[in-house]
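Step one of this worksheet: look at the structure below.
Note that ligands are numbered from 1 as they come in the structure, with each ligand's atoms numbered from 1 the same way.
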Amino acid sequence: MNQPSNQPPLANPLREGIATRSVPEACTIIIFGATGDLTHRKLIPALYNIAADGELPPELAVVGFARRPKTDEEFRAELEEAARKHSRQGVRDELWQNFARSVFYHQSEFADAEGYKRLADRLKQLDEERGTGGNRLFYLAVAPDQFDVILQHLKAAGLNKGNDGGWARVIVEKPFGTDLPSARELNRIVENAFAERDTYRIDHFLGKETAQNILVLRFANAIFEPLWNARYIDHVQITAAETLGVEGRAGYYEGAGALRDMVQNHLLQLLCLVGMEPPTDLGADSVRDEKVKVVRSLYRFSDEEVAVNVIRGQYAEGAISGKTVPAYRAEEKVDRNSKTETYVALRLAVENWRWAGVPIYMRVGKRLPKSGTEISVHFKHAPGVLFNKEERPRDDNVLVIRIQPDEGISLRMDAKVPGTSFRIEPVKMDFHYGTSFGKASPEAYERLLLDSMSGDATLFARRDEVEQAWEFIDRIQHAWHECDAPELFEYAAGSWGPEAADDLLARDGRAWRRL
Ligand code: BG6
């Protein structure tokens, strides 16, 4: 296990209820990109919420590092406004005041060596004043082209090491590269300053409550694992649907598209959790060793196979909840002839003993009629000896893992309709987080920030996972660019994507599950 001696024993959210989780350690969190959207919408609300839930160590400091001149007070006021707007629980005045006292602003250009020297002095001072123990957690909430300069300066200022026996870690936001060579280059840049064990690559889907629950469902219960294989499972579907469009992010999205934005990271991570073998223990590397094997076992498409197994689409004008919305190409800052895909559907194969012959269908899209992320495991049909003689839809037994919204799990099965005749109808056993546990799930960023403060990297992507995922995705990108096949289909905003995506399943005698 890659734990340096000054780190706490491995703690893991997946162990909750099995063993206690170690407490996040006192530290200073230094956010690069402190005035940006991510800080406002996700990071500060997440930190406030964990503080409000009493889970933040009292000896904590947050330092915002950004270019614009600003006082601590101005920075705090700006963050308060953001927290009030985006926090999942209402912001209470006295709790905010208390939290805000631990927040500071540090003005510097990212390329100014002096700024990092001043930062080092300030962090030492905070260690003394606030008891942050010399521990530093750097959060790179900036565009990837800034990573190099920031990391080089952190290293030059000695900030890639903790102070006085403390630790130093770095959290890296996506996009982690745009293809395999750029991901490798980024990994090299990060590795130059921080060891892999101190590098936390965020994939916020892994912090979602139900995503974490997949392993508990599979390995804490005895009833699913014996059925979790090609003998009993017909196929698996993974859907991530959003009603939102590109939302002013064209600058990034135009160069990314749905495949790189969602499939390379979030959807493949979900697939890993569903498809992996049981790890030997819950240590970060044991879990990630098993996850990476799933990506490595993904069948690699030739250009011709991409044309048959991957469908891409782009939304045209349409209506969402009765409101007309523009086509992708008419969105702000989008090229009028853009070929960027806003929808992808794929038919994948995991080539190992457990999954051979079980198709995995994935789809992800913007401007679909409903927002929802779910995984559905479709079991094979019971033999038609007694009850299932007549032609009926094939999906008798489906286990649905709802990642969001309304997190939970449901199992569909056949039951006899009450009465004298022998009519059979599907029914559902349903578990909802909200009602079973009576409290809202924390936001993904809350869990992930706490884990990085505790030194637990289980829910973060490891270097080889990221690189393997790019290796798989690059083949699809290659086919798209080289052969321009399949074509980019249009779909009306508010529809479930191009018809070709329905055909992808129809030709196997299957259909997408209705969300
Ligand atoms: C982000 C993507 O990683 O995930 C966005 O860049 C997408 O395009 C978002 O909208 C979806 O995340 P969530 O948590 O809102 O489902």
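The pair Glu185-Arg188 counts as a salt bridge, with a side-chain nitrogen and a carboxylate oxygen less than 4.0 angstrom apart. Here Arg201 pairs with Glu196 in a salt bridge; the nearest charged N to carboxylate O distance falls below 4.0 Å.
Both tests hold for Lys70 against Tyr105: distance to the six-membered ring centre under 6.0 Å, angle to the ring axis within 45°. Figure legend: Arg363 and Trp496 shown as a cation-pi pair, the cationic atom lying under 6.0 angstrom from the six-membered ring centre and within 45 degrees of its axis.
Exactly one residue among Leu270, Ile375, Val344, Leu268 makes a side-chain contact (heavy atoms from CB on, under 4.5 Å) with Met362. That residue is Leu268.
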Which atom pairs, nitrogen or oxygen on both sides, join ligand 1 and the protein at under 3.5 angstrom?
from: ligand 1; atom 1: 3 (O); to: Lys174; atom 2: NZ; distance (Å): 2.8
from: ligand 1; atom 1: 3 (O); to: His266; atom 2: NE2; distance (Å): 2.7
from: ligand 1; atom 1: 6 (O); to: Lys174; atom 2: NZ; distance (Å): 2.9
from: ligand 1; atom 1: 6 (O); to: Arg249; atom 2: NH2; distance (Å): 2.8
from: ligand 1; atom 1: 6 (O); to: Asp261; atom 2: OD1; distance (Å): 2.6
from: ligand 1; atom 1: 6 (O); to: Asp261; atom 2: OD2; distance (Å): 3.4
from: ligand 1; atom 1: 8 (O); to: Arg249; atom 2: NH1; distance (Å): 2.9
from: ligand 1; atom 1: 8 (O); to: Asp261; atom 2: OD2; distance (Å): 2.6
from: ligand 1; atom 1: 8 (O); to: Lys366; atom 2: NZ; distance (Å): 2.9
from: ligand 1; atom 1: 10 (O); to: Glu242; atom 2: OE1; distance (Å): 3.3
from: ligand 1; atom 1: 10 (O); to: Glu242; atom 2: OE2; distance (Å): 2.5
from: ligand 1; atom 1: 10 (O); to: Lys366; atom 2: NZ; distance (Å): 3.3
from: ligand 1; atom 1: 12 (O); to: His204; atom 2: NE2; distance (Å): 3.1
from: ligand 1; atom 1: 14 (O); to: His204; atom 2: NE2; distance (Å): 2.8
from: ligand 1; atom 1: 14 (O); to: Lys208; atom 2: NZ; distance (Å): 2.5
from: ligand 1; atom 1: 16 (O); to: Gln404; atom 2: NE2; distance (Å): 2.6

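Among residue pairs with one or both ends in residues 305-323, those qualifying as salt bridge (charged side-chain N to carboxylate O under 4.0 Å, His left out) are Arg312-Asp484; sequence neighbours excluded.
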